[in-house]
Novice: 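The structure that follows is given in the form of structure tokens.
What you see is a predicted model; the values in this text were computed from it and never measured. In what follows, chains are A, B, ... by sequence order, proteins preceding strands, each numbered from 1.
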Amino acid sequence: MTLAIEFPPIENLVEWPNYFGDGTIFAFNKIALISFLAMAIPSVIFFLAKSKGELIPRGVQNLAEMTVEFVEKQVILQAIGPDGMRYLPMLLSMFLFIFFGNIFEVIPTFQMPANARMANPAFLALIVLVTFVGVGVKHNGAGTYFKSALFPPGLPKGLYLLVTPIEFLSTFLIRPFSLAVRLFANMLAGHILLVTFGVLCIALWTLSPLVVVLPFSFAMLVGLTGFEVMVSFLQAFVFALLTAVYIGGALHPHH
Amino acid sequence: MSAVSTAIELAVEASDADAAKATAGASSAGFAYGLAAIGPGIGIGYLVGQAVQAMARQPESAGQVQTTMFLGIAFTEALALIGFVVFILLKFA
């Protein structure tokens with residue numbers, strides 16, 4: 001029995017035609033548009049919140065202050081400590097950029113998370129790598145930082161032959177790689193999951209007896225949409241939290 | 001396994017190397033993801049179970065436990081997600 005389900009090839013799910021500037025460096029497609037919106041929407045929200053600047057926050061100012069407080073309390077204080085407050089602007093903008101890039105996954109007519117293309121997560125992970133190495137070198141000096149990162153104290157001498165390469169790999173290669181892959185794969189998996197149930201719903205919209213399965217498929221689609229909203233938020237949170245943990249580790253290398 | 005090897009043999013008999021490669025890739029893609037999901041599945045289950053126990057025993061430290069739990073989940077989940085990426089590469093690339 002064939003269900004006549006034509007699952008689209010992967011290129012159709014994640015590659016979008018250019019709106020303009022085909023073949024040039026100014027090529028602009030849906031991913032670029034979403035990335036731009038993910039940059040612009042938080043900027044506008046915070047600009048509006050600041051322009052009012054009331055003592056008792058209302059409306060959009062409330063939203064902005066809530067976001068700042070969330071990143072302060074749940075990310076920085078948990079992972080770095082009170083002296084990490086100076087990294088608030090970076091972590092906050094990173095959190096908001098990733099969250100708004102992800103949330104377009106469930107917004108009709110967009111239906112695509114910008115972070116399901118590897119370029120965005122990879123570049124963000126590169127920024128994180130440069131930041132935590134920079135923080136470590138700036139606050140401890142290059143010698144102390146690399147010594148504490150590559151030669152953990154309190155081990156027998158011979159063991160460093162084994163430990164140092166592992167520490168180098170895990171700190172400077174696997175950290176940014178897993179950070180990028182985690183965000184990318186979560187968003188791509190969610191996108192493919194939603195596409196799968198969307199395609200299934202359309203394929204079951206027939207006059208065959210199979211139509212009795214349609215309500216279940218549709219219920220799954222609705223449920224998974226809610227789940228993806230949660231995943232969008234959680235991935236942005238986890239990315240900001242891990243960035244804070246890495247910065248904290250570089251700031252206080254002896255903990 | 002026999003179904004897999006039969007499918008590969010059929011594709012080879014059609015003397016189409018690309019088709020054979022695609023068939024082998026598609027059939028091993030499922031194994032790759034299935035195997036990659038076992039460990040993280042057990043790990044996340046154990047991790048969240050222990051976190052719930054900690055929160056039930058000491059509700060005042062729930063916030064801290066929750067943050068640590070998300071961190072642990074993020075590290076554990078990475079393995080399953082790399083398996084998913086391998087699945088995509090085998091199936092589509």
Novice: Would you find more than 12 non-hydrogen atoms of other residues, nucleotides or ligands less than 6.0 Å from B/Arg57 atom CZ?
Specialist: no
Novice: Of all heavy-atom pairs between A/Gln74 and B/Thr67, which one has the smallest distance, and what is that distance?
Specialist: O-CG2, 4.0 Å
Novice: State, with a plain yes or no, whether a side-chain heavy atom of A/Val181 is found less than 4.5 Å away from one of B/Phe84.
Specialist: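 SC-SC contact between A/Val181 and B/Phe84 ruled out.
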Novice: Is any residue of residues 221-245 of chain A within less than 4.5 Å of chain B by heavy atoms, and which ones?
Specialist: A/Leu234, A/Gln235, A/Phe237, A/Val238, A/Leu241, A/Leu242, A/Val245
Novice: With a 4.5 angstrom heavy-atom cut-off, which part of B/Phe87 approaches chain A: side chain, backbone, both or neither?
Specialist: neither
Novice: Below 4.5 Å from any heavy atom of chain B, which atoms of A/Gln78 appear? Answer side chain, backbone, both or neither.
Specialist: side chain
Novice: Shortest non-hydrogen contact from B/Ala74 to A/Arg182?
Specialist: O-NE, 2.8 Å
Novice: If I measure from the heavy atoms of chain A, does B/Leu79 come under 4.5 Å with its side chain, its backbone, both, or neither?
Specialist: neither
Novice: Quick one: OG on A/Ser178 to CG on B/Leu81, what's the gap to the nearest 0.5 Å?
Specialist: 10.0 Å
Novice: Flag the one option from B/Ile88, B/Ile73, B/Ile82, B/Leu71 with the top tally of heavy-atom pairs under 4.5 Å to chain A.
Specialist: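 Winner by heavy-atom pair count: B/Leu71.
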Novice: Would you indicate whether B/Gln64, at its atom CD, is surrounded by more than 12 heavy atoms from other residues, nucleotides or ligands within a distance under 6.0 Å?
Specialist: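 Counting neighbours around CD of B/Gln64, 12 or fewer heavy atoms of other residues, nucleotides or ligands fall under 6.0 Å, so no.
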Novice: For A/Phe70, is the CZ atom crowded, meaning more than 12 foreign heavy atoms sit under 6.0 Å from it?
Specialist: yes
